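Below is one structure, written out as structure tokens; the observations come after it.
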Amino acid sequence: MQAPSVGGVMLPRGNGETVRLSRGASLTDFAEKINANPASLVAVMMNLGEMVTATQSVSDETLQLLGDEMNYTVQIVSPEEEDRELLESFDLEWGEDEGGEEYLVARPPVVTVMGHVDHGKTRLLDAIRKTNVIAGEAGGITQHIGAYQVTTEVNEQDRPITFIDTPGHEAFTAMRARGAKSTDIAILVVAANDGVMPQTVEALNHAKAADVPIVVAVNKIDVEGADPTKVRGQLTEYGLIAEEYGGDTMFVDISAKQGLNIDKLLEAVVLTADATLDLRANPEQDAQGIAIESHLDRGRGAVATILVQRGTLRVGDTMVVGDAYGRVRAMLDDKGNNIEEATPSTPVLVLGLTNVPGAGDNFLVVDEDRTARQIAEKRAARERNAAFAKRVRRVSLEDLDKVLKAGQIQELNLIIKGDASGSVEALESSLLQLDVGEEVDIRVLHRGVGAVTESDIDLAMGSDAIVIGFNVRAAGRAAQMAEREGVDVRYYSVIYQAIEEIEAALKGLLKPEYEEVELGTAEIREVFRSSKLGNIAGVLIRSGEVKRNTKARLIRDGKVIAENLTIEGLRRFKDDVTEIREGFEGGINLGNFNDIKVDDVIATYEMREKPRA
């Protein structure tokens, strides 16, 4: 067959050869692979009915279409494979211990706690590390991943164990699956009064897929109706047979609330690790591992919780984590103490990165800052190209149904901003898995950590996207810009609410009855202590007016610290007042809530009825 001709120029026609291209490649990239002129490929695409520029990132389907037309087999390289090839080009390799057996030494087991929501996973971790995580969680749900190390005594030896705390709801499947892959042993928490539930099975499947041993913690044995024997029987159906029944799975009856048998559970973890796993790593090589969680801190910049899997990480090392890099400025352990080095299976908080890496990104130490920067920049460019390839065509959730019916849109574009990368990733994963038929697709154009910025609003304007803020608010002039330009910005503090609203909108079911109206904002200038009333905020009203008995939220560094607060007391000098207007000073009492600091912002609002469309 004759080679295709465009404008009299003969194009090289393939014989079915395979052309390897990365996700989000351009026609120029394709042309380089087959030694053709990019302009001629643009002409071919025009003949196929698609207007594409030579340097524009295009979708996988477009590359496949062009390949078929030119008789080439287009192979889209997976991000993992591309990353491996990138590291190989720098003579680096991730995921292997260097040296022979003589270099390997024992390391602590890394444990993930899994199970059904409300079966007591967070309370179990509380009991283990004697702290309270639940108090800070929205709706009592674990929203972020953390990592902690504890020590238990087994056979008169102190044995350290590292815990990775993964969220427990099915919406966080992606995070939990990653938690299983980075772990050695899974603790499956099952409530003795509830027994095996759907998410128990889901967690069990994740652990089995990751091929990790399981220790079962039968919790709530102190609750009325508790039946630990029933739990053992139910789990037998899923291949977990207790040792007392002749199997090889250790079951431990515990009460996280009462602190019963926690030491026996830790001992079971150590014994299971000793019996079934060869937990060794080379502590002498350059450190490698995985990012567990990351966020932006006002005073420290980008902060990442990482788990060292092999090698030893030291202060001053140059590391690259996903598309972030930097020299380790300081390391803190899970108790907040500064440490100089971290050995295998040690979780640490790292300071000194250029930006916030993604949860689950791998990290490795390299010799030079320049090498780290080049790897990070190439990874960032790859991610950016892949994101550009996904972009298509501003719309609000309320009128989405009308726009769909008019045939004006085939997909809903989203921009997701959150307070931590793990939550952002979980929200994105959950939204992309929504099953709403073939009428509409969901595309996440951008995701990031931190407040909603003007650049996010710019992107939303250009691509008709809806902005979702998870536990963050709009920073600076972004809120006014969004209102002026008609960009729909949605704020959420519980992940399921966001998922339900987007799903309802996609199905044309969203009929809002109330809307939130901001009344005023107050900047805290001073904090006064009162033995009778608790902490009182001395404030300057920045905008609008603040009224007594209205709802409020506390914002610190662009992040929402507390929701559903009430303005219980309002004073001007020594007088109780019902409202204070913009530009005036006063005192605000938030009732029992006392975690207030200078420079915090109190934003007041009320819910007003909104007429249905």
Side-chain angles (χ1 to χ4, degrees), residues 22 77-108 110 147 162 178 181-182 279-294 296-297 300-333 338-385 421:
S22 59
V77 182
S78 71
E80 294 79 16
E81 192 176 349
E82 199 174 351
D83 198 55
R84 191 172 64 249
E85 291 172 1
L86 172 63
L87 293 178
E88 284 174 359
S89 68
F90 288 93
D91 289 328
L92 295 169
E93 191 174 340
W94 186 88
E96 295 295 330
D97 282 291
E98 296 172 4
E101 289 282 318
E102 67 274 14
Y103 292 97
L104 302 180
V105 299
R107 64 171 178 82
V110 179
T162 297
R178 183 185 58 250
K181 285 172 191 167
S182 58
L279 298 181
R280 294 186 298 163
N282 178 3
E284 302 301 323
Q285 68 182 78
D286 288 335
Q288 297 183 0
I290 192 168
I292 303 294
E293 184 53 284
S294 53
L296 272 176
D297 185 283
R300 297 168 171 173
V303 177
T305 302
I306 63 164
L307 176 69
V308 179
Q309 294 178 317
R310 61 196 67 84
T312 300
L313 183 65
R314 297 175 175 86
V315 172
D317 283 349
T318 298
M319 66 189 300
V320 56
V321 193
D323 61 357
Y325 68 97
R327 188 165 288 198
V328 180
R329 202 169 67 234
M331 286 193 296
L332 287 79
D333 63 14
N338 275 299
I339 58 174
E340 290 299 312
E341 58 180 40
T343 51
S345 295
T346 304
V348 285
L349 204 67
V350 170
L351 282 62
L353 297 175
T354 51
N355 57 295
V356 179
D361 284 347
N362 59 49
F363 84 82
L364 70 165
V365 168
V366 295
D367 293 335
E368 297 181 8
D369 293 358
R370 186 183 57 163
T371 304
R373 187 179 69 248
Q374 288 173 343
I375 294 172
E377 285 173 352
K378 288 187 178 180
R379 283 175 170 173
R382 186 181 69 219
E383 289 287 325
R384 198 162 51 245
N385 288 340
S421 56

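It should be emphasised that the depicted structure is a prediction, and the values quoted were computed from it without experimental measurement. Scope of the values below: all heavy atoms of this structure, side chains included, with no hydrogens, waters or symmetry mates. Along the sequence shown, residues carry numbers from 1.
Applying the side chain to side chain contact (heavy atoms under 4.5 Å, CB included) criterion to D367, with sequence neighbours excluded, gives D286. Under the salt bridge (Lys or Arg N to Asp or Glu O under 4.0 Å) criterion, E340 pairs with no residue, sequence neighbours left out. E284 is linked by a salt bridge (Lys or Arg N to Asp or Glu O under 4.0 Å) to nothing, counting only residues two or more places apart in sequence or in another chain. The salt bridge (Lys or Arg N to Asp or Glu O under 4.0 Å) search around E101 returns R280, not counting sequence neighbours. By the side chain to side chain contact (heavy atoms under 4.5 Å, CB included) test, V77 is found to be paired with R20, E81, E82, residues two or more places apart in sequence or in another chain being considered. Taking T354 as the reference, nothing meets the side chain to side chain donor-acceptor pair (under 3.5 Å) condition, with sequence neighbours excluded. R370 pairs by the salt bridge (Lys or Arg N to Asp or Glu O under 4.0 Å) definition with E368, not counting sequence neighbours. Taking R84 as the reference, nothing meets the side chain to side chain donor-acceptor pair (under 3.5 Å) condition, with sequence neighbours excluded. For N362, the side chain to side chain donor-acceptor pair (under 3.5 Å) criterion is met by R379, not counting sequence neighbours. Every residue two or more places apart in sequence or in another chain that forms a side chain to side chain contact (heavy atoms under 4.5 Å, CB included) with T343 is listed here: T312, T346.
Side-chain contact between L313 and V365 is present, with heavy atoms from C-beta onward closer than 4.5 Å.
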Using residues 320-328 as the side-chain source, report each donor-acceptor pair under 3.5 Å to any protein atom, sequence neighbours left out, with the distance given to one decimal.
from	atom 1	to	atom 2	distance (Å)
R327	NH2	D369	OD1	3.1
R327	NH2	D369	OD2	3.3

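Screening residues 301-321 for salt bridge (Lys or Arg N to Asp or Glu O under 4.0 Å), with sequence neighbours left out, gives R314-E341.
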